[in-house]
Structure formats: structure tokens, C-alpha cells
Amino acid sequence: MIMVIAVQGFVACSDDNDNDDNSVQQPETNPDDQTAYTVKTVSVNRDGNNSGTVTIRFYEDMPSVPYISVADFQNIVVPSTTVSVTKTGTATYELKNAGGTLIVNTIDETCAFDDFLGFTNQMGLVQAGMENGYYDGLPFVRFNRQTLSGGSPALTFDYSSYGINLRGDETMVYFPFATLADLYADLYGHNTACNGKEVVYASNDGADDGIGALNEDFQKENLLKNKERKADMVAYNYAELCFTIDHFYGMPTGSSFEKSIQEKGLDKTLEADANGQTVKQLLLSTNIDDYADGMCSLYAYLYDGGHTKIWLGTPSTTFAERYPSLYNYYDERVSVPTNKKILQYGGMTIPEREMVFGDKNTYHKKGNTAICHFDKFAPNDKEAWNNYYQGKAPRPTLETSPNDPMTIFLDALEQAAADPEVKNFVLDLSVNTGGSSDVVMAMTSLMFNQNFFRAYNVLTGQKMEWHYDVDRNFDGKYDALDENVHYDLNFCVLIGPISFSCGNLFPSLCKDAGLLIVGQKSGGGSCAVGAYRTADGFYYQISAARARLSDVNWQNINDGITPHVTIDYAKGIEYTYEKDGHDYTLYFYKNFWDLDNLSTIIGDYYK
């Protein structure tokens, strides 16, 4: 992270500063650094609602880059909260909010947090009083507490190495808007951005583009209006992107460039690689198409199996023709592994499973063994669950919420528990690509009464346990009756190479607890997802440094979970075929769902 670049600015937020009634045409003077600036009042769109206005600054040396005071930014992301500012010396300021203290030096370009996560905490918006942890807000689970060990909550960020300027005057401190947005970005998907004409904030429970969903024109205003990018925007955008990757990328061990980024930073990692030098040139291009090609290539350098998506599009034919070396690297690093994973292990497994069982039902039984199939932990019907917990509707069922994983699981579990013949319960995650850890916590609580999971904060060095309460009887209340819930079944988890993210976390927790794991090694995915926007508006996501998932021994689980008993693909049918110039082998492994075989395996394990 030793990248020195003369940053002139931020994003092509607008055509410089449009001369409108909100702009101050005669530049004002900053008494600390003597840099002239203009001010503009812009509207704030908060989750689709008009939330007043805020003042932003454009400094003379960075005319395309919106700056905002830390106090105003804090009030945007957590309304009705304040940041007090005390100038303690030349270019030195002490900022305080309810979560901590921040010391800013606008000459050294440093900011030092005594509690970084506390100062930037927005999770009280999801659950009142909550720490800055991990919670998706599903109503049958609630955050209880976090326990921390090792490391330190104190962090100092040095922006001088990136050429990013922090500003101050007699009463306030000003950061580039995108710099604050990246500092405050959390695991819930709270995200905010400014395009020079509007501020948009999304309290988004997931890692998709909440801002784009609120305002389709937001990105167009930034990126598609002009083919040429402003020079100050280009430099700042690259610097802030490098800073974010250097500090907030979780290093899940999925990319061969991780070690270099950790030691030298993204900029020097690109400079040390022949293709990387071209990537850097593209990212610093004033042409928007070149920049898009650079982002595609950067995705290949950071690809870690699925959580990191630096560019959500696909390389164009022009890209392939102009930069064949980069395109080939992208293809081999991203396209081929993805296609192999999906086509070999996922592309035909769901239809084949339906062939094996003869229907699309999510629950099947044979003899003393039942199996439940669901292929995501995603909360597909959060609204239905919220309505139930608010007393507005009955509890969701398979009839009303057929794709909801919790509904599928509860239906199967209750059927199995009510059937005196069933002794074994198999949870089929063989093609489960992940979703919500809230659902994971509810299921582990019901299966073996564990309501927490472990994560390592790469940024602070802290080991974290996040504990939750679960409404175990799903009666809409958290009370003593929840402790009476118990299922006397032999549990087994079926996994495969496409079991990813929460599909990897769940078998890790189960294996640590002694439950039987069968199938093939899971596909990994050990980090929570961080949602970000580049300074010029592109949405992207990365494996987040805030939470790298760990097993009981605090080891990273990105390598996947090895089953106790392997189900061999050789028992299935296989054939090879060609697609997009590559050969693939497709396995039909119907033996994965052989309930007689699973019954024998389970019986041997739990005898």
C-alpha cells in the first residue's frame, strides 16, 4: 500500500461544477490551507425518499471532486447523530461521535480512530443499540452480542501515501465524499455516494447495488454522459480504489496476487506484473471504454471464487481484440473456473436431482432417512417473515413462500420429527451457493443449539464471535419456551464443490460440532461481502476484511470443508464436451442422493 500519485480529484460527478443557483461563483478561502473552493447545495435521496439537502465543496485544485464535512456525512448515514469537532492545533482536529474519537491531521493527511468500527457504526439502524457486527435483520434471529479478542480497535489511515488530501478550516474537517463512504461501508450493505448533483444513501440488506436500484440515472450521470473522464477524477478514483483494496479486501486466499497486495499494495502489485502495468494504464485512462476494460482486468486479478466482483459486466469483443493478453488472463482466471464449477458440478445437478426423486419437492423420505433440499441461504421472503412477526399475517409456509430457505427447512424438519419412522435427517447443500448468515444461525440453533459463529478481522487483527438469539419455536416471541425445542434426529450435511459462502460456513459449523458431513469437499468462500462504489460511481463488491470466517481453531475456511465420508463421482456417469473453445467434463452423480447409501453411512457414524 505504498502508492504515491499526485491526486487531482475524484469523480466525473458532473461537468465540472454546473453554474446553478446553488453554486458560489466567487471562491471562498480555506484559512488553513489557502485553497479556494466553491460550495453547492445538493439534495439527499435516502432509500428513495427526499431527505433534505446537504452542502458539498469543490476545491480549486480538485474541481470534479465533491468534499463533505465529516459531521454532515455522519448525519446522512445515521440521521439525528452528531460529530463534535475541536481544533487542537495547526491542521489537527479531534472529532467525537457516540462510537469513538477520530484525530485528523490535514497536513500529514492521516486519520486515527480509537475505535474504527465504533466510530463508523450504522448497525443501530438495523437493531437498536447493536454493535458494528454482522446481522441481516431477519426477524426470527436477533443480534445478541459480540466478543472480541486480540488485535486492537484503534486504526490509523495514512492517505498521504495515496496523494489523497484531507481538508480543514477553523470549525470542521472535510474528506472527499467517496473516501468517507468507503470508511463507513459495512457488512449490511449500507452504502452512499455523491455524483456532484445528488447524494444517494441505501440501507441495503445485501451486497447488491441498492443505490442503482433507487436511481437508475445515478451511474449514468457519472459514467455514461461523457466518454472522456476528467483528469482530476481519474487520479483520485484510482487512488481511492487502491486504498480500498489495500485496506478493506479480506485476503481470503483465493487470488494468487493476494500476498503481493498485502505486502506492497495494489498499485505496486500491478506495476510489478507485465499485464498489470497495462491494467494500471487503463484504470488511469481518460477514456471511459479503456477504464471499463481496466476494471474487467482488475476483476481477474482479485477473483476469489465469487465474493469479489470488481466489474459486474463481461469483457467486450473489442477488449479481446485490443488486449488479447489481458483477455486471455481474464478468461483463464474468471470465465473458465466459473464455467467449470457451474457446468461440472452445478449446471445439471438440480435437474438430475429431480430425475432421481421424480419431482421438484424439497422433502423426500425413504425408510428411516429424510432429506431436505434447498440451494440458497438467501432470505427470499423477508417481507412475509416481517409481516408474521408484526402480527400482520400467518407464519410463512411452503404454499405462501415456496422459495424461502427457512420455510423449506422448517417444513422438512417438522415432517421428519412427526414421523416415527424417520431417524436420520440429511440437509442437502450440494449445490447451495450461500446467502444469509441469519438463516445459518437459525438452522444451527435448531440442529445442535449453537447460535454463534467466528470471524477474523483482517484489518484490526481481532478475533470475533457473533452471538444471536433465535426464536427456536417460531411463535413470534423470544422467551423461555424457545429452550424447550429439541429434535432427536441424526443430522447429516451433504456438500459438494459448488457449496459456497454460507454453503461453506454451515458445514464448517456442523463439522466443528461433530455432525456428519458427506459428499465432496465444499467450494470455499470464507469472507463476508463488502459493497462499495468507485469514486466515479461504479458499484463493486469485495471479500471484506471485516469478517473472514473461521473454524473452531480460528483457521480460515476458504479452502473448503472436507467431508467425513466422500461420495465418489466415479459411481456416476461422465462425459466431456466443448463450450466457448474450452473442454469440460460433466459429472452425473446421482449417487449423491442415494438414500439407502446415506442411511448406511449415517448409521455407521452415529452408532
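Computed from a predicted structure; not experimentally measured.
- In this structure, the side chain of Ser401 does not engage the main chain of Leu398 through any donor-acceptor pair within 3.5 Å.
- In terms of heavy atoms, Ser550 sits closest to Arg548 at OG-O, 3.3 Å.
- With hydrogens and angles ignored, the 3.5 Å screen pairs a side-chain donor or acceptor of Glu258 with a backbone N or O of Thr253.
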Query raised in the report: Going through the distances and angles, do Asp594 and Ile567 end up as a side chain to side chain contact (heavy atoms under 4.5 Å, CB included)?
Result: CA-CA 10 Å; Asp594 183 342; Ile567 297 179; over 6 Å; no
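- Under the 3.5 Å distance criterion, the side-chain polar atoms of Ser437 are left unmatched by any main-chain donor or acceptor of Val440.
- A donor-acceptor pair shorter than 3.5 Å cannot be found between the side chains of Asn328 and Glu332.
- Across all their heavy atoms, Pro507 and Leu429 have their closest contact at CD-CD1, 4.1 Å.
- Going from atom CG of Asn368 over to atom CZ of Phe425 covers 14.0 Å, rounded to the nearest 0.5 Å.
- Closest heavy-atom contact between Ser501 and Thr433: CB-O, 3.9 Å.
- Between Asn490 and the choices Val426, Ile602, Thr369, the side-chain contact (heavy atoms from CB on, under 4.5 Å) rule is met once, by Ile602.
- Asn553 places no side-chain N or O within donor-acceptor distance of the main-chain N or O of Gln555, the cut-off being under 3.5 Å.
- In this structure, the side chains of Met447 and Phe506 come closer than 4.5 Å at one or more pairs of heavy atoms.
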Report task. Tell me, with the steps shown, if Arg353 and Asp375 meet salt bridge (Lys or Arg N to Asp or Glu O under 4.0 Å). Result -> CA-CA 12 Å; Arg353 184 175 66 201; Asp375 302 320; 2.9 Å; yes
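- Among all heavy-atom pairs drawn from Gly525 and Asn558, the shortest one is N-OD1, 3.1 Å.
- Between the side chain of Gln415 and the main chain of Tyr363, no donor-acceptor pair closer than 3.5 Å is present.
- Distance CD1/Ile371 to NE2/His364: 9.0 Å, rounded to 0.5 Å.
- How far CG of Asn451 is from OG1 of Thr444: 6.0 Å, rounded to the nearest 0.5 Å.
- Counting only heavy atoms from C-beta outward, the side chains of Asp482 and Asp469 never approach each other to under 4.5 Å.
- When ring centroids are compared, Phe448 and Phe491 stay outside the 6.0 Å threshold.
- With hydrogens and angles ignored, the 3.5 Å screen pairs no side-chain donor or acceptor of Arg533 with any backbone N or O of Ala193.
- Heavy atoms from other residues, nucleotides or ligands lying under 6.0 Å from NZ of Lys365 number more than 12.
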Ignoring hydrogens and angles, write down the donor-acceptor pairs under 3.5 Å from the side chains of residues 508-518, residues two or more places apart or on other chains.
{"unit_1": "Lys511", "atom_1": "NZ", "unit_2": "Thr562", "atom_2": "O", "d": "2.6"}
{"unit_1": "Asp512", "atom_1": "OD2", "unit_2": "Val552", "atom_2": "N", "d": "2.9"}

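- Between His467 and Phe452, the ring planes are parallel. Angles under 30° get that label, and only those over 60° would be called perpendicular.
- For the pair Lys521 and Asp559, the salt-bridge criterion is met [side-chain N within less than 4.0 Å of a carboxylate O].
- Annotation: the span from Gln122 atom CD to Leu187 atom CG amounts to 11.0 Å, rounded to 0.5 Å.
- There is a side-chain donor-acceptor pair under 3.5 Å between Asn449 and Arg472.
- Interatomic distance, Ile557 CD1 to Leu505 CG, rounded to the nearest 0.5 Å: 5.0 Å.
- In this structure, His307 and Phe500 have tilted ring planes: the angle between them lies in the 30° to 60° band.
- Around the CD atom of Glu383, the shell of radius 6.0 Å holds no more than 12 heavy atoms that belong to other residues, nucleotides or ligands.
- Between Phe453 and Gln450, every side-chain heavy-atom pair lies at or beyond the 4.5 Å cut-off.
- Residues Asn275 and Ser297 are not in side-chain contact: their nearest non-hydrogen atoms beyond the backbone lie 4.5 Å or more apart.
- Looking only at side-chain heavy atoms (C-beta outward), Asp304 and Tyr249 come within less than 4.5 Å of each other.
- For Asp331 (side chain) and Ser335 (main-chain N/O), no donor-acceptor pair under 3.5 Å exists by modelled atom type.
- In this structure, Thr407 contributes its side chain and Asn403 its backbone to no donor-acceptor pair below 3.5 Å.
- Classified by interplanar angle (parallel below 30°, tilted 30° to 60°, perpendicular above 60°), the ring pair Tyr329/Tyr301 is tilted.
- Taking the six-membered ring where the residue is Trp, Phe538 and Tyr291 present tilted rings, their angle falling between 30° and 60°.
- Between Tyr330 and Tyr327, the two ring planes are parallel [angle under 30°; tilted spans 30° to 60°].
- Between Trp593 and Phe357, the ring-plane angle classifies as perpendicular under the 30° and 60° cut-offs.
- In this structure the side chain of Leu302 reaches within 4.5 angstrom of the side chain of Ile245, judged on heavy atoms.
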Query raised in the report: What's the verdict on side chain to side chain contact (heavy atoms under 4.5 Å, CB included) for Tyr135 and Asp438, showing C-alpha distance, side-chain angles and the deciding distance?
Result: CA-CA 7 Å; Tyr135 175 47; Asp438 291 4; 3.4 Å; yes
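- Without hydrogens or angle criteria, Gln262 side chain to Met251 main chain gives no donor-acceptor distance under 3.5 Å.
- Considering all non-hydrogen atoms of both residues, Met406 and Asp404 come closest at N-OD2, 3.1 Å.
- In terms of heavy atoms, Ala181 sits closest to Thr192 at CB-O, 3.3 Å.
- Ring orientation note: the planes of Trp385 and Phe474 are tilted relative to one another, at an angle of 30° to 60°.
- Looking at Asp293 and Ser316, their side chains come closer than 4.5 Å, going by heavy atoms from C-beta outward.
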Requested in this report: Would you please test Tyr188 and Met123 for side chain to side chain contact (heavy atoms under 4.5 Å, CB included) and show each step?
Outcome: CA-CA 8 Å; Tyr188 186 79; Met123 291 306 294; 3.6 Å; yes
Query - Verdict with supporting geometry, Phe374 and Thr362, side chain to side chain contact (heavy atoms under 4.5 Å, CB included) - result: CA-CA 7 Å; Phe374 69 95; Thr362 55; 6.0 Å; no
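- The shortest distance between side-chain heavy atoms of Val439 and Phe409 does not fall below 4.5 Å.
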Query raised in the report: Hey, mind stepping through Arg395 and Glu414 against salt bridge (Lys or Arg N to Asp or Glu O under 4.0 Å) and telling me if it holds?
Result: CA-CA 14 Å; Arg395 196 184 96 177; Glu414 289 168 358; 3.3 Å; yes
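- Between the side chain of Asn591 and the main chain of Asp568, a donor-acceptor pair closer than 3.5 Å is present.
- Here the CZ atom belonging to Arg454 is positioned 12.5 Å from the CE atom belonging to Met464, to the nearest 0.5 angstrom.
- Residues Ser499 and Ser522 have side chains that never bring a donor and an acceptor to within less than 3.5 angstrom of each other.
- Applying side-chain hydrogen bond (donor to acceptor under 3.5 Å, both in side chains) to Arg546 and the options Asn132, Asp186, Asn457 leaves one that passes, Asn132.
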